[in-house]
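Computed from a prediction, not measured in an experiment: that's the story for all the values here.
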Amino acid sequence: MYRSDSVEIRHCSGCGDERVFERPPCADGHGAECPERACTECGAALLIGLPEPCDVRVAGRTARAA
């Protein structure tokens with residue numbers, strides 16, 4: 001994998017080969033830490049890393065989910 005500030009070369013499942021991925025403008029306010037990437041050829045999206053845990057209601061109680 002090649003990586004610069006905003007461009008990475010990763011395997012694209014849509015294209016079936018290595019492609020350039022860029023960080024699209026982030027509407028969620030993550031800034032430079034945005035986990036989203038998009039293939040510049042086909043637009044396939046990748047989520048880099050794990051999402052932050054959130055509270056989830058399970059069988060009448062609150063549990064932590066990843």
Who passes side chain to side chain contact (heavy atoms under 4.5 Å, CB included) against Thr40, sequence neighbours left out?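 Val20, Glu22.
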In chain order, what residues pass the side chain to side chain contact (heavy atoms under 4.5 Å, CB included) check against Cys15, with sequence neighbours excluded?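 Only Cys12, Arg19, Cys39, Glu41, Cys42 meet the side chain to side chain contact (heavy atoms under 4.5 Å, CB included) criterion with Cys15.
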Do Glu36 and Cys26 touch side chain to side chain, with heavy atoms closer than 4.5 Å?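 Contact flag for Glu36/Cys26 side chains = no.
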Taking side chain as C-beta onward, heavy atoms only, is Leu46 less than 4.5 Å from Glu8?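 No. Closest side-chain heavy atoms not under 4.5 Å.
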Which atom names give the shortest non-hydrogen contact between Arg10 and Phe21, and what distance separates them?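 Scanning both residues completely, I find the closest heavy atoms to be O-CE1, 3.7 Å.
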Interatomic distance, Glu33 atom CD to Arg23 atom CZ [nearest 0.5 angstrom]: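 Spacing of CD (Glu33) from CZ (Arg23) equals 7.5 Å.
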